[in-house]
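Any value given below was found using the heavy atoms of this structure, including those in side chains, with hydrogens, waters and symmetry copies removed. Order of the sequence lines fixes the chain letters, A, B, ..., with proteins taken first and strands second; residue numbering starts at 1 for each chain.
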Amino acid sequence: MSEKENNEKQDAGKVFLDELTAEPSGETFWARAWHSISIPLLAIISGLVLGGFLIAVTSDAVWAAWAQSPWEAVKTAVVEVRIAYTALFSGSLGSPSAIVSALRGGDALEIRRAFNPILESLTASTPFIFASLAVALGFRSGLFNIGAEGQIFVGAIFSVFVGYSLTGLPAIIHIPLALLAGALGGAIWGFIPGWLKAKTGGHEVINTIMMNYIAFRLSDWLLNGPMQRPDSFNPVSPTIMDSAKLPKLFGPPIRFHIGFFIALGVAWLVWWLLFRTRWGFDLRSVGSNPHAARYAGMSIVGTTVAAMSLSGALAGLAGANEVLGLNHFLAMAFSSGYGFDSIALALLGKSHPVGVVLASLLFGTLRTGALRMQVVAQIPIDIITVIQAFILVFIAAPAIIRTIFRIRGAAGPEEAITIRGWGGG
Amino acid sequence: MATTIIERREVEIKSPTRQRVMGVLFLLLGASIWLFFGRGIEAGVETTFKLVPGGFESSLADWTLPALATLNILAFASAFLGGVQLVRGFGKRTNMILGIVASFFIFGFLVWAAAGKSMNLAGLLNTTLSKAVPLTLGALSGVLCERAGVVNIAIEGMMLAAAMVGALVGSVSGSLWVGLLAAVLVGTLLGLVHAVLSIKYKTDQIISGTVINIFAVGITSFLSAKFMQPNQALNDPGVFRPIVIPLLSKIPILGPILFNNNMFVYSMFFFLILIHVGLFYTRWGLRLRSVGEHPKAADTLGINVFNTRYMAVLLGGAMAGFAGGYFTLGSVGRFDEIMTAGRGFIALAAMIFGNWTPFGSFGAGLLFGFADSLAGKLAILGVQIPSEFLLMAPYVATMIVLAGVVGRGQMPAADGQPYEKE
Amino acid sequence: MEPVLELRGVTKRFPGVLANDQIDLDLYEGEIHALLGENGAGKTTLMNILYGLYDPDEGEIIVRGERVDIQDPGDAINVGIGMVHQHFMLIPVFTVTENVMLGEESLKFGDFLDRESAAKRIREISEQYHLEVEPDVKVEDIPVGVQQRVEIIKLLYRDADILILDEPTAVLTPQEADELFKIMHSLTEQGKSIIFITHKLREVLDVADRITVLRGGKIVGTTTPKEADKNKLAEMMVGRAVQLGVDKGPASPEEVVLEVRDLVVANDRNQVAVDEISFELQAGEILGVAGVQGNGQTELVEAVTGLKDVVDGTIQLLGENIANADPRAITEIGAAHVPEDRQRDGLILAFPVADNLVLNTYYQEPYTKGVVLQQAAIMDSARTRIAEYDIRTPSALTPTSSLSGGNQQKVIVAREFSRPIKLLVASQPTRGLDVGSIEYIHKRIIEKRDEGTAVLLVSPELDEIMELSDRIAVMYRGKIVAILPREKATKEQIGLLMAGVSPDEIEGVSSRKNKDSAQEGLTS
């Protein structure tokens with residue numbers, strides 16, 4: 001290999017790292033790679049430790065033991081936390097022994113049951129992938145899309161409407177149509193704050209929050225009125241046609257559907273768009289320095305509107321994925337906070353599609369496991385939200401993690417995601 | 001020497017568009033009063049407004065209006081103002097006229113909605129005031145933080161956490177005041193978290209606020225599911241009772257609305273005045289605002305930017321905690337999961353709407369509270385407008401304000417920017 | 001006599017840089033002591049140490065014979081040190097009184113502000129030192145020159161007797177600067193001592209009692225205006241014999257490239273910033289636009305490059321009207337722009353050098369095929385340009401933020417100059433650069449002219465305008481008050497024009513109406 005080719009190869013690796021870290025340094029490839037993942041990794045560990053602490057101090061058993069001696073309390077606490085986290089991981093990944101014995105037994109249903117937890121985790125991470133790609137794309141374009149929640153709602157409304165109102169279509173047409181409708185709904189909900197930002201400077205954080213609540217009220221009205229299921233008094237929409245349902249790949253009880261693969265495909269597409277096309281160059285330039293982007297002849301208005309619409313479309317897909325793949329109808333408050341979770345995930349994944357997918361897999365796993373933890377250890381599922389907040393703190397203020405674990409600070413300036421003041425500009 | 005020969009043309013290039021847009025808007029509002037409200041009403045139908053809230057001795061006669069004539073007058077007056085605006089323009093008073101026309105429209109709506117029936121106007125205003133309390137208090141929290149240059153979108157989370165702890169401690173201690181104190185302390189504590197993250201660690205302030213919001217949702221739901229739902233005794237703090245102020249409450253119309261409330265309403269007025277005077281007439285306020293406008297300039301004059309910002313955010317947290325206490329101790333008497341339901345964000349909107357000033361925030365809080373309480377009345381009156389659309393109004397209004405249609409607000413210049421001492 | 005202020009062995013290190021190296025400096029009562037040095041010589045660092053904004057690594061500060069420890073600006077104020085910063089430290093939405101009293105408020109009834117008594121004190125100070133200001137107006141409503149007086153009043157209000165003025169003339173006309181110098185003398189006559197920081201030789205010789213020259217963080221020497229002259233000071237500043245002025249042959253102007261007619265542009269506050277100006281620019285000449293900052297130059301440049309909307313009038317570039325055209329369309333016709341603020345407008349600092357080198361051509365072949373970026377082509381062109389323009393960077397993939405100011409400017413120059421261009425708009429192209437980089441950029445601009453490019457050069461540095469221009473246009477309050485051929489213009493004339501003196505009153509400048517100034521400029 002010639003020296004030049006060698007350089008090129010190294011360059012390619014470095015480019016990838018640059019996409020991930022944006023930290024200049026003269027270190028080796030592996031040292032930099034460690035730098036870019038050490039903080040998220042340690043943040044996750046610290047978050048889980050703090051979560052364990054919370055489980056321990058809210059446990060009756062631990063307090064009962066405290067009455068005997070502090071040592072007893074510590075022992076009980078360890079046991080309690082171990083039970084909880086064992087449930088968390090067996091509930092989300094499946095237990096190895098069950099898998100082995102099911103494979104030995106050869107019974108199809110048993111095998112499916114054994115593999116169900118991990119497939120369920122993948123299913124649960126699918127909406128996270130879409131929604132956090134939405135937020136990440138916004139970050140890369142210098143926009144804080146705090147409105148993924150509303151965009152998910154509107155996406156779900158559009159796609160469920162296409163799902164139940166169009167009849168007689170073959171699945172090969174109906175499914176893409178319903179997905180696109182979801183993307184369109186989200187895109188509209190992203191377009192409005194994007195347009196306002198570009199044209200009037202109205203800050204997208206406030207506007208997307210407002211759009212969230214408008215979306216809630218809108219769905220409230222639709223589900224109690226025009227879109228209410230004819231035979232029902234509950235605020236739910238009709239069930240979608242079979243032809244609009246995302247195909248499941250295995251028999252019951254496995255709910256895993258092709259949405260997961262669509263999400264991976266979309267993640268690749270977002271990466272390609274951001275880092276390999278001139279449109280992505282526009283987005284990243286406007287995101288990094290809008291003044292220079294404008295100087296270089298890029299359209300700030302066009303790019304901002306496109307970025308917000310695209311971001312909204314991705315979030316809309318998350319909504320579509322949920323109604324087409326799992327619920328098959330729309331109910332109030334179905335989204336359970338994917339929009340806000342996705343902010344944490346985008347930050348955890350450093351707003352890079354690869355990182356975002358990994359972070360989403362982690363959270364899908366935690367969520368799935370938490371359901372089992374709630375059953376086995378009577379720990380409310382909301383513990384996951386708390387753990388997530390802890391992780392986010394450590395990601396957002398890496399200096400805390402550095403202090404705890406005594407990691408050297410990066411040589412260059414931190415990649416900071418900063419939002420310019422309210423009024424825009 | 002240096003004779004100046006050319007005076008620079010300092011004339012503002014007026015945007016004639018805005019003048020026209022406003023004029024057309026006034027005309028449209030006038031037309032819709034006539035079209036949507038006036039046309040459907042037959043001559044002779046009357047609208048009756050009760051001027052005394054329910055539960056009070058009716059000391060005042062009801063106010064009865066001929067519906068059609070009233071609507072026609074309102075429509076004509078709006079259209080006239082619109083015409084004047086188009087021809088001549090109101091210049092700097094345009095916003096005031098906008099306010100007047102908007103209130104014509106709202107009043108027209110009420111006259112139409114209650115045509116042939118009777119509506120308790122005083123009751124409506126009373127609900128408006130109580131709905132405005134958490135919004136105004138929350139907005140005051142925002143004013144304190146943002147005037148010092150720290151964006152606070154965590155008002156929601158601070159209120160939620162304070163509401164829960166207020167209920168819990170209030171139930172356990174059996175004292176509303178102890179519960180309230182705990183609520184304020186929790187708000188302050190989350191303020192401290194926000195301050196440390198955004199001032200010390202220079203985390204992006206919106207991310208820091210988001211963290212607090214997520215954390216508050218998680219921890220309150222977790223604790224409430226773990227303790228308060230299984231054991232209702234932990235979730236029964238009671239509420240602060242209304243205090244009728246003698247004499248003042250006898251003032252016609254305003255008396256029963258303003259002076260028959262619980263301590264939160266009176267406190268709101270107290271804090272409004274306190275913070276207004278503090279911000280604009282004292283050394284404390286001058287320094288706080290200087291840190292939010294130009295921290296470096298303040299630093300070069302020996303003002304400790306970090307301490308000033310810490311203080312402001314802690315006070316802001318305390319204020320949000322107090323606002324959170326209202327939900328459980330001043331209103332419902334019980335904690336429910338996610339009971340703040342986005343009011344922290346509306347409070348933020350009220351602050352922006354109110355141009356980062358205490359009284360402006362209060363005005364916006366009243367407006368949003370009015371939309372909220374009216375939405376509740378519509379169903380009772382059998383009006384064929386989905387209340388959801390009325391509930392959307394505050395959000396839409398905020399977006400319009402933010403877009404600069406009503407003129408740009410005076411945001412503190414360094415709002416949201418961490419201060420980096422070189 | 002004992003000095004009022006002494007610095008002994010003050011040293012300050014930043015990562016990778018020794019900003020101040022064993023600095024000794026003294027200041028006597030009633031003295032104006034000039035601190036002269038290039039950009040980056042360490043003047044501002046030193047003064048920030050003195051004012052408590054930086055902590056020194058070594059050394060001590062002695063005020064009136066006593067060693068003091070200055071941790072923050074509050075300490076500095078307490079020992080009587082005050083500083084007027086290069087960028088004013090004023091809060092636009094506060095009144096003059098509020099700005100002055102901030103941190104040292106007059107109070108009544110406990111913590112309430114006593115604006116009246118503060119305003120009275122301000123009036124007294126302004127009378128005593130001939131610093132006219134109106135205490136009750138908002139700072140955003142007063143002109144820059146008056147804002148500077150407010151800054152000085154801030155110091156006097158705190159009874160500072162050691163005043164540090166950091167590049168105070170950067171925003172002033174030569175005449176306003178003379179006014180400032182009078183004020184400085186009146187201050188020293190009343191017992192104040194002044195440290196005057198600048199990089200302008202003329203000012204030092206005019207106003208200082210003593211001059212200390214700083215280079216590369218070290219003191220080169222101390223002298224007086226009597227002993228020194230411009231050339232000697234310049235040599236001390238730069239460390240080698242400096243040729244003041246550039247080699248440049250006569251211009252050979254050809255066809256008209258840029259024609260501006262009755263142009264009106266508004267500023268961000270919607271006021272008229274460029275007021276019906278007209279001029280023409282020919283291929284192969286440099287038209288310098290002189291003027292104090294804020295007289296419409298920025299808006300003119302932004303209008304010509306498409307960054308700002310035009311209210312009225314036309315701009316013809318090679319026969320095409322480009323008023324309100326898109327920046328990209330203007331670039332494609334053949335315009336290049338070296339922006340005033342390179343870090344804000346000219347570069348995306350987080351991006352690698354290679355990306356910045358194609359910042360306005362990335363979408364064209366060969367850098368993009370279809371919509372897909374061609375990484376290899378971008379890298380190839382980056383390597384060529386890095387070599388050709390001598391950009392010092394570890395690699396083409398290094399983030400631009402880690403380059404020095406001079407090398408960042410070279411990235412912009414490389415990007416803009418390596419395209420076939422017909423018009424070059426250069427706005428303050430050497431702002432904040434060291435002498436070596438300035439010489440380099442000047443040489444490249446003249447090369448471009450000689451290749452037949454039309455150059456519009458905007459700079460508040462009169463010396464730069466005088467050195468490079470073939471014709472000089474002076475802007476004042478949004479108008480071009482005169483266009484003079486370089487050979488006929490003197491610094492004094494230009495200075496007076498910049499200050500707003502009517503051309504009729506200046507010897508050697510013929511009276512002209514604004515509209516036909518362009519024609520006259522052409523014929524001369």
Check: Does the pair B:Ile153 and A:Ile146 meet the rule for a side chain to side chain contact (heavy atoms under 4.5 Å, CB included), with working shown?
Finding: CA-CA 11 Å; B:Ile153 67 162; A:Ile146 214 165; 3.9 Å; yes
Margin query: The test is side chain to side chain contact (heavy atoms under 4.5 Å, CB included); show your working for A:His203 and B:Ile352 and say whether it passes.
Written below: CA-CA 11 Å; A:His203 200 282; B:Ile352 294 169; over 6 Å; no
Next item on the list: Give the intermediate values and the outcome of side chain to side chain contact (heavy atoms under 4.5 Å, CB included) for residues B:Phe227 and A:Thr58.
Entry: CA-CA 9 Å; B:Phe227 300 113; A:Thr58 55; 3.9 Å; yes
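Among B:Thr210, B:Ile214, B:Val193, the residue with the largest count of heavy-atom pairs under 4.5 Å with chain A is B:Ile214. The candidate from A:Leu196, A:Leu54, A:Ile343, A:Ile384 with the greatest count of non-hydrogen atom pairs under 4.5 Å with chain B is A:Leu54.
Contact annotation: the side chain of B:Met399 never approaches that of A:Ile206 to less than 4.5 Å [non-hydrogen atoms, C-beta and beyond]. Between A:Leu392 and B:Phe215 there is no side-chain heavy-atom pair separated by less than 4.5 Å. You'll find the side chain of B:Val211 stays beyond 4.5 Å of the side chain of A:Phe390, heavy atoms only. By the 4.5 Å heavy-atom criterion applied to side chains, A:Phe144 and B:Ile207 are counted as neighbours. Side-chain contact check for A:Asp382 versus B:Ile219: every heavy-atom pair is 4.5 Å or farther apart.
Note on ring orientation: taking the six-membered ring where Trp is involved, the planes of B:Phe389 and A:Trp221 are perpendicular (angle over 60°, cut-offs 30° and 60°). Note on ring orientation: taking the six-membered ring where Trp is involved, the planes of B:Tyr395 and A:Tyr213 are parallel (angle under 30°, cut-offs 30° and 60°).
Of all heavy-atom pairs between B:Leu197 and A:Ala397, the closest is CD2-CB, 3.8 Å. In this structure, B:Ala349 and A:Met210 approach most closely via the heavy-atom pair CB-CE, 3.7 Å. In terms of heavy atoms, A:Arg217 sits closest to B:Leu391 at NE-CB, 3.5 Å.
The contact between A:Ile383 and chain B is made by backbone and side chain atoms together, counting heavy-atom distances below 4.5 Å. Contact of B:Leu223 with chain A is made through the side chain alone, with heavy-atom distances under 4.5 Å. Both the backbone and the side chain of B:Val396 have a heavy atom closer than 4.5 Å to some heavy atom of chain A. For a residue to count as touching a neighbouring chain, one of its non-hydrogen atoms must lie under 4.5 Å from one of that chain's; by this rule B:Ala341 touches chain A with the backbone only.
Taken to the nearest 0.5 Å, the OG atom of A:Ser219 stands 9.0 Å off from the CD atom of B:Glu388. From B:Asn213, atom CG reaches atom CD1 of A:Ile209 across 8.0 Å, with rounding to the nearest 0.5 Å.
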